Amino acid sequence: MIGLATAAFFMAWAIGANDSAKAVGTAVGAGVIGFKRAVLIIAVFTTIGALLGGSSVSGTISSLAAGLSGGEVALTLLSAALAVTVASLWGNPISTTQSVIGALVGASLAVDLSVDWSTVVKIVLAWFVSPVVAGILAIAIYFVYKPIMRRIKCLKNLELTQKWLVFLASAYAAFNLGTNELANVVGLSGSGVDWRFFLAVSLAFGALTFSREVIMTVGRDIAPLGPTSAFASQFGAALSVTLANLFGLPVSSGQAIVGAISGLALYKGEKVNREVLIGIVKSWVRAPLSAGFIAYLMVLLFSAAGF
């Protein structure tokens, strides 16, 4: 179906435009990796994640879409992608996962389908837990990692070690992007190897063309980041997303990285930009509500028109 394929491409592109910041924002903000190299990391490791993982998350999303037609699923993806794109225009790192879930609920209500509220509640609870867990993990990693780095006396070796660790953390987070966020689109639109690869390329294209503002918000505007903080925050956030994936829960890597950066900054006694943080949290609330509202209206209008 051309409509579903187009909507899936748009959603994957929107994920690349917004969620790429959660994978490489700390690395770019700390000055460890340049923007172009960051996009290359996204392209390679998101593709690997999309091809090798995501089955449990895809299954959870597919179950929430049960009963929706191909056209209604296309409208759901389109609604979520529109909400994410508007947020990206403002440089806000919102949750694409929340947008998809909100759109699914809105579409289901529009056609009088029963919503699996128990699954939705579990997912929403995970959204609240993931940034807290990410913050705790980031602090724990920093607590262990910082003394080890102090033992390296050679400045050149220290810089090289920090760069490689930040790179590995970013690659790990990009892999999670494929197994978690992109799995939302896979669960709604198809699961073939060729299709997963197409969506991964679409995501990389979104990262290349439209992600810089959101990357700067995550990596520069929330709190000051050095290489050590960048690694601990990124790795802690990635670990929390992996834990959620083990339970098949489509959590937000955006919430995880914001929780990790903020939690670690507070632990270190550094200043957190409250204005930016409040704006991000507000966008987390608006994302599922606006996506759900758009999906509800679009599905209702198209159904009334006989499409």
Side-chain angles (χ1 to χ4, degrees), residues 12 14-16 18-27 38 41-42 44-61 84 93-101 119 122-142 165-187 196 199-200 203 207 211 214-215 218-219 222 230-264 280 284 287-288:
I15 291 173
N18 198 278
D19 280 3
S20 294
K22 294 94 178 209
V24 297
T26 58
I41 291 172
I42 290 291
V44 172
F45 289 96
T46 298
T47 302
I48 295 173
L51 295 177
L52 298 182
S55 58
S56 58
V57 175
S58 298
T60 302
I61 293 295
V84 173
I94 70 165
S95 168
T96 56
T97 299
Q98 288 178 327
S99 299
V100 171
I101 299 299
T119 299
K122 289 178 182 178
I123 294 171
V124 172
L125 287 175
W127 291 344
F128 284 97
V129 172
S130 63
V132 176
V133 172
I136 294 172
L137 288 172
I139 292 170
I141 292 167
Y142 181 84
L165 286 173
V166 171
F167 166 79
L168 291 173
S170 297
Y172 177 25
F175 177 85
N176 277 342
L177 200 59
T179 62
N180 189 72
E181 273 79 1
L182 195 61
N184 297 330
V185 187
V186 171
R196 287 172 181 258
L199 292 177
L203 187 153
S211 66
V214 186
I215 284 176
V218 169
I222 298 175
F231 167 73
S233 299
Q234 195 68 76
F235 196 56
L239 278 177
S240 70
V241 173
T242 297
L243 290 173
N245 286 344
L246 293 175
F247 294 95
L249 294 174
V251 298
S252 167
S253 61
Q255 290 176 321
I257 191 61
V258 171
I261 293 172
S262 303
L264 184 55
I280 291 172
W284 290 348

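All values derive from a computational prediction rather than experimental measurement.
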side-chain contact (heavy atoms from CB on, under 4.5 Å) partners of Ile139, counting only residues at least two apart
Leu264, Tyr267

From the list Thr242, Leu239, Leu182, side chain to side chain contact (heavy atoms under 4.5 Å, CB included) partner of Asn176 resolves to Thr242

List the atom of Ala207, the atom of Ser20, and the distance in Å for their closest heavy-atom pair.
CB-OG, 3.1 Å

I need the minimum non-hydrogen distance between Val241 and Ala256, along with the two atoms involved.
CG2-CB, 4.1 Å

Ser233 and Thr26 have their tightest heavy-atom pair at CB-CG2, 4.4 Å

Heavy-atom closest pair (Val84 atom, Ala14 atom, distance to 0.1 Å) is CG1-O, 3.5 Å

Might you point out which heavy atoms bring Ser240 and Val133 nearest each other, and give the distance in Å?
CB-CG1, 4.0 Å

Check whether the side chains of Asn18 and Thr96 place a donor and an acceptor atom closer than 3.5 Å, and report yes or no.
no

Rounded to the nearest 0.5 Å, what separation is found between the CD1 atom of Ile215 and the CG atom of Asp19?
11.0 Å

Value for CZ (Phe175) from OG (Ser170), rounded to nearest 0.5 Å, stands at 15.0 Å

Which value, rounded to the nearest 0.5 Å, describes the distance between Leu165 atom CG and Phe231 atom CZ?
5.0 Å

Can you name the residues that form a side-chain contact (heavy atoms from CB on, under 4.5 Å) with Val44, not counting sequence neighbours?
Leu40, Ile48

Nearest 0.5 Å please: distance from the CD1 atom of Ile15 over to the CD1 atom of Ile42.
11.5 Å

Identify the heavy atoms of Thr179 and Gly49 that sit nearest to each other, and give their distance.
CG2-O, 3.3 Å

Does some side-chain heavy atom of Arg196 sit less than 4.5 Å from a side-chain heavy atom of Val186?
yes

Gap between atom CD1 of Ile123 and atom OG1 of Thr97 - 0.5 Å precision
9.0 Å

Spacing of CG belonging to Leu177 relative to OG1 belonging to Thr46, to within rounding of 0.5 Å:
4.5 Å

Main-chain N/O of Ser253 paired with Glu181 side-chain donor or acceptor, under 3.5 Å:
yes

